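First comes the structure, then the notes that go with it.
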Amino acid sequence: FPTRRSSDLYVTIVAVDASLPVLAQHGIQPDIVTSIERVPATSRFFEKTPEDVLEKTVCVASSVQHAKVLSSIEKAQVVISLRPLAYMMLTGPREWGYIGIGMSSANMAYELIYHSHFKTCILIGQDLAYGEDGTSHSDGHIFGAQEVKYKESD
């Protein structure tokens, strides 16, 4: 995977798909973006990202990704990962390995980071925690800062 050198510090930025358009708006170029969602609405994260950002990004997409999402990341370098589901493990090539045991792009990013043996990592994501004001996502998010409604029980 690509790395950038800043003095003696090497950095690889791994981000989840929902954060890609917001990062691009702020001039942050992620090296790797993970995507695992099966719904067509996820394609909006890539459709709202400038082509020059996509062209410099490795998109690690799940093999269960919706076709609309896959077509929206054509400008990026695309890696399709098999998930460790029974039918994929029975029919897929074991030597390639599997990632995506979790239910979200953040889980997938963490697993990719873990298997890549990074020593220090900053994971950038949209809905990893609620803001103090109850927002679920950052300003500028495609589906809005209040996509998930905060409940005291959360």
Side-chain angles (χ1 to χ4, degrees), residues 1-3 11-26 28-51 53-131 135-151 154:
F1 289 111
T3 58
V11 176
T12 300
I13 299 174
V14 180
V16 299
D17 53 8
S19 65
L20 185 59
V22 175
L23 293 173
Q25 288 173 10
H26 294 281
I28 300 170
Q29 173 67 55
D31 299 297
I32 304 166
V33 172
T34 58
S35 186
I36 200 170
E37 305 299 332
R38 299 179 214 188
V39 296
T42 300
S43 65
R44 292 181 57 197
F45 302 139
F46 302 101
E47 293 165 355
K48 299 293 183 184
T49 301
E51 282 188 15
V53 172
L54 285 176
E55 289 170 351
K56 298 174 191 168
T57 303
V58 175
C59 288
V60 180
S62 171
S63 56
V64 296
Q65 202 92 51
H66 193 279
K68 187 171 181 183
V69 177
L70 292 175
S71 67
S72 71
I73 59 176
E74 288 177 339
K75 299 289 183 190
Q77 298 175 54
V78 180
V79 175
I80 305 286
S81 69
L82 295 175
R83 294 197 69 194
L85 304 171
Y87 71 95
M88 288 185 191
M89 294 179 79
L90 289 172
T91 60
R94 290 186 184 275
E95 63 272 12
W96 291 359
Y98 305 89
I99 64 169
I101 59 173
M103 299 299 290
S104 72
S105 296
N107 294 128
M108 186 179 188
Y110 173 79
E111 190 176 359
L112 178 68
I113 291 162
Y114 176 82
H115 289 297
S116 298
H117 302 285
F118 288 110
K119 292 181 181 164
T120 304
C121 176
I122 296 173
L123 180 60
I124 299 174
Q126 287 295 152
D127 53 0
L128 300 176
Y130 287 109
T135 56
S136 60
H137 293 74
S138 67
D139 288 336
H141 184 265
I142 300 260
F143 299 122
Q146 295 284 338
E147 180 190 12
V148 178
K149 298 297 182 200
Y150 175 77
K151 295 180 288 204
D154 292 344

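If you're wondering where the values come from, they're calculated on a predicted model, not measured in any experiment.
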**Prompt:** Do side-chain atoms of H66 reach the backbone of K68 as a donor and acceptor pair under 3.5 angstrom?
**Reply:** yes

**Asked** Is there a side-chain contact between V58 and V33 (heavy atoms, below 4.5 Å)?
**Response** no

**Complete:** dist E47:CD -> I73:CD1 (nearest 0.5 Å) comes out at 11.5 Å

**Item:** Approximate separation, where rounding is to 0.5 Å, of S81 OG and H115 NE2
**Value:** 11.0 Å

**Request:** Please name the pair of heavy atoms, one in V16 and one in A109, separated by the smallest distance, quoted to 0.1 Å.
**Result:** CG1-CB, 4.3 Å

**Request:** Check T12 against D31 and note the closest heavy-atom contact, atom names and distance.
**Result:** CA-OD2, 3.3 Å

**Minimal non-hydrogen separation, V69 against F46, with atom names** = CG1-CE1, 3.9 Å

**Asked** Out of curiosity, R38 CZ to S62 OG, how far, rounded to the nearest 0.5 Å?
**Response** 7.0 Å

**Request:** Enter the distance from E74:CD to C59:SG here, rounded to the nearest 0.5 Å.
**Result:** 11.5 Å

**Asked** If only atom types and distance count, is the side chain of Q65 paired as donor or acceptor with the main-chain N or O of E37 below 3.5 Å?
**Response** yes

**Distance (rounded to the nearest 0.5 Å) between I36 CD1 and D17 CG** = 9.5 Å

**Asked** Looking only at heavy atoms, which two atoms of I13 and Q29 are closest? And how far apart?
**Response** CD1-O, 3.8 Å

**Request:** Determine whether the side chains of Q77 and T57 contain a donor N or O and an acceptor N or O closer than 3.5 Å.
**Result:** no

**Prompt:** If you look at every heavy atom in S72 and L54, which pair is closest and at what distance?
**Reply:** O-CD1, 4.1 Å

**Item:** Closest approach of P40 to S43 (non-hydrogen atoms, all atoms of both residues)
**Value:** O-OG, 2.7 Å

**Item:** Spatial distance of atom OG (S35) from atom CD1 (I80) [nearest 0.5 Å]
**Value:** 9.5 Å

